[in-house]
Participant: 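Here's a structure for you.
These values consider heavy atoms only, across backbone and side chains, with no hydrogens, waters or symmetry-generated copies. In what follows, residues are counted from 1 in the order of the sequence shown.
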Amino acid sequence: MNILDLLVNKNTNIIDAMKILDKTAKKILFVVDENNKLIGSLTDGDIRRYILKTGSLDGEVKDVCNKNTFKVKLGYDKKEIVEEAISKEIKYVPVISDNDTIVEILILEESKIDSKLAIFKELKIPVVIMAGGFGTRLEPFTKILPKPLIPIGDKTILEIIMGKFYEYGILDFYLSVNYKSYIIKSYFSEINLPFNITYLQEEKPLGTAGSLYLLKGKIKSDYFILTNCDIIIDIDYYDLCDFHYKNNNHITIVVSAKNYKIPYGVCEIKDGLLYEIKEKPEMNFLINTGMYVINSNVLNIIPENEFFHATDLINVSKRNNYKIGVYPISEDSWIDVGQWEEYKKVIERFKL
């Protein structure tokens with residue numbers, strides 16, 4: 001590994017830093033100045049806390065990073081440092097010179113740390129997947145196949161989604177089905193899956209949350225994950241649920257940072273006259289991805305056999321003074337397969 005792959009300049013903006021974090025796949029960057037002098041460390045958790053605190057995607061990494069980074073000086077005792085780092089669940093330790101310049105990064109033996117963390121990674125909660133939609137954005141494909149069976153390589157989108165949850169020990173899946181449900185049931189009846197599927201059969205379209213009424217009395221855990229069937233969210237699901245639990249949320253919405261570039265000069269007008277022209281400005285938003293962590297008692301506010309969207313669930317929850325939090329993720333961590341242009345990008349991304 002090249003040490004430069006883990007370094008980011010202090011003036012880098014948050015959106016670019018999130019993209020760099022995704023590309024490195026190391027889950028951490030070290031913030032430095034022009035002379036590689038260590039300023040702090042940066043993780044997606046640091047960025048998430050900054051966004052939740054400020055409500056903004058603007059800012060530079062020098063304002064976001066953890067300035068109390070675990071680091072060692074040249075001449076360190078390796079055995080002592082390794083033991084301390086493992087006790088703190090740290091994999092990457094910057095080694096600095098007397099003037100605080102990073103000269104190397106100590107990479108701990110990952111097997112030792114991973115074995116220590118493994119017991120915390122299992123999630124014994126169910127996942128509910130909304131798989132009953134018509135998939136109109138993918139017509140004419142979905143005139144023949146239901147959207148959950150869209151192929152991504154040699155697997156369906158639904159298998160990929162469930163497979164990612166299965167990596168965290170999740171064994172119980174509820175599929176809300178309606179459109180071409182017999183095809184979905186037939187497909188999975190012929191596959192030897194390592195987890196359980198229970199179908200929630202809609203007799204009529206119930207929106208993105210109406211079928212949750214059918215879960216009453218079935219879910220024994222305190223909370224569950226709800227997701228659409230046309231999105232792939234590549235995040236740490238344990239961290240998501242831990243965030244939900246520690247913040248005492250009733251509902252946690254997974255939101256994605258989204259950057260829009262306007263390819264024109266934008267005119268700002270004041271008192272009928274041109275005030276300023278901003279050339280090709282960029283705008284940043286937090287977008288609802290369609291994934292949620294929901295407390296089981298929230299099911300009590302869902303009406304029986306009525307069309308009810310997730311947005312309705314959120315609005316009613318707010319009126320009931322339920323606590324609704326957001327869990328920001330990077331733009332590259334969210335893949336929307338529900339429209340043709342994005343589907344083509346998925347095929348290219350996975351090289352299928």
Side-chain angles (χ1 to χ4, degrees), residues 18 21-22 25 27-28 43-53 89 91 113-131 158 160-176 194-198 200 208-209 212 215-216 218-229 231-257 286-302 310 313-314 317 322-330 332-335:
M18 295 173 82
L21 272 169
D22 285 334
K27 307 298 183 184
I28 192 169
T43 66
D44 57 356
D46 296 319
I47 294 175
R48 187 173 302 116
R49 285 185 287 273
Y50 176 84
I51 293 173
L52 294 176
K53 181 180 179 180
E89 301 176 4
K91 289 186 178 182
I113 300 175
D114 290 341
S115 62
K116 183 178 186 299
L117 296 178
I119 58 174
F120 301 112
K121 289 295 185 181
E122 287 195 347
L123 287 173
K124 298 301 181 182
I125 61 170
V127 169
V128 182
I129 303 176
M130 311 308 287
L158 204 48
I160 292 175
I161 291 172
M162 292 189 291
K164 286 190 170 292
F165 286 114
Y166 177 66
E167 293 175 3
Y168 287 81
I170 292 177
L171 299 176
D172 295 314
F173 293 88
Y174 292 87
L175 300 188
S176 173
F195 42 76
N196 307 310
I197 296 179
T198 300
L200 304 175
T208 53
L212 295 182
L215 287 174
K216 291 183 179 180
K218 294 183 179 181
I219 290 187
K220 306 302 180 184
S221 59
D222 293 334
Y223 55 88
F224 61 93
I225 294 176
L226 173 68
T227 183
N228 291 341
C229 71
I231 59 170
I232 300 173
I233 304 291
D234 190 12
I235 59 173
D236 184 336
Y237 293 118
Y238 171 79
D239 188 69
L240 167 63
C241 292
D242 187 56
F243 175 89
H244 175 83
Y245 175 78
K246 288 182 176 178
N247 285 277
N248 295 311
N249 293 338
H250 288 86
I251 299 175
T252 297
I253 308 170
V254 179
V255 298
S256 171
L286 290 173
I287 307 296
N288 182 1
T289 65
M291 179 179 287
Y292 314 84
V293 183
I294 302 176
N295 283 1
S296 298
N297 59 4
V298 174
L299 295 174
N300 295 324
I301 67 175
I302 298 177
L313 176 62
I314 291 168
S317 295
Y322 287 172
K323 186 178 179 182
I324 302 175
V326 296
Y327 183 87
I329 64 175
S330 71
D332 289 340
S333 297
W334 171 41
I335 306 173

Participant: Checking the side chain of Ser256 only, and the main-chain atoms of Ile287 only, is there a donor and an acceptor separated by less than 3.5 Å?
Facilitator: no

Participant: For the CG atom on Asp222, are there more than 12 heavy atoms of other groups (residues, nucleotides or ligands in this structure) within a distance under 6.0 Å?
Facilitator: no

Participant: Flag yes if more than 12 heavy atoms outside Tyr322 fall under 6.0 Å of its OH atom; otherwise flag no.
Facilitator: yes

Participant: Tell me if the NZ atom of Lys216 is crowded by more than 12 foreign heavy atoms within 6.0 Å.
Facilitator: yes

Participant: Any donor and acceptor pair, going by atom type alone, linking the side chain of Asn247 with main-chain N or O of Phe243 inside 3.5 Å?
Facilitator: yes

Participant: Does CZ belonging to Phe195 count more than 12 external heavy atoms closer than 6.0 Å?
Facilitator: yes

Participant: Go through it in stages, so that I can follow the logic: the residues are His250 and Asn297, the test is side chain to side chain donor-acceptor pair (under 3.5 Å), and I'd like the CA-CA distance, side-chain angles, deciding distance and then a yes or no.
Facilitator: CA-CA 8 Å; His250 288 86; Asn297 59 4; 4.8 Å; no

Participant: Has the side chain of Asp44 got a donor or acceptor atom that lies under 3.5 Å from a matching backbone atom of Lys27?
Facilitator: no

Participant: Decide, yes or no, whether a salt bridge links Arg48 with Asp239 under the criterion of side-chain N to carboxylate O below 4.0 Å.
Facilitator: yes

Participant: Closest approach of Ile47 and Met18, non-hydrogen atoms and distance?
Facilitator: CD1-CG, 3.6 Å

Participant: Please name the pair of heavy atoms, one in Asn228 and one in Ile231, separated by the smallest distance, quoted to 0.1 Å.
Facilitator: O-CG1, 3.7 Å

Participant: Short question: side chain of Thr208, backbone of Ala310 - any donor-acceptor pair under 3.5 Å?
Facilitator: yes

Participant: What I'd like to find out is whether the side chain of Val293 reaches to under 4.5 Å of the side chain of Leu240, using heavy atoms alone.
Facilitator: yes

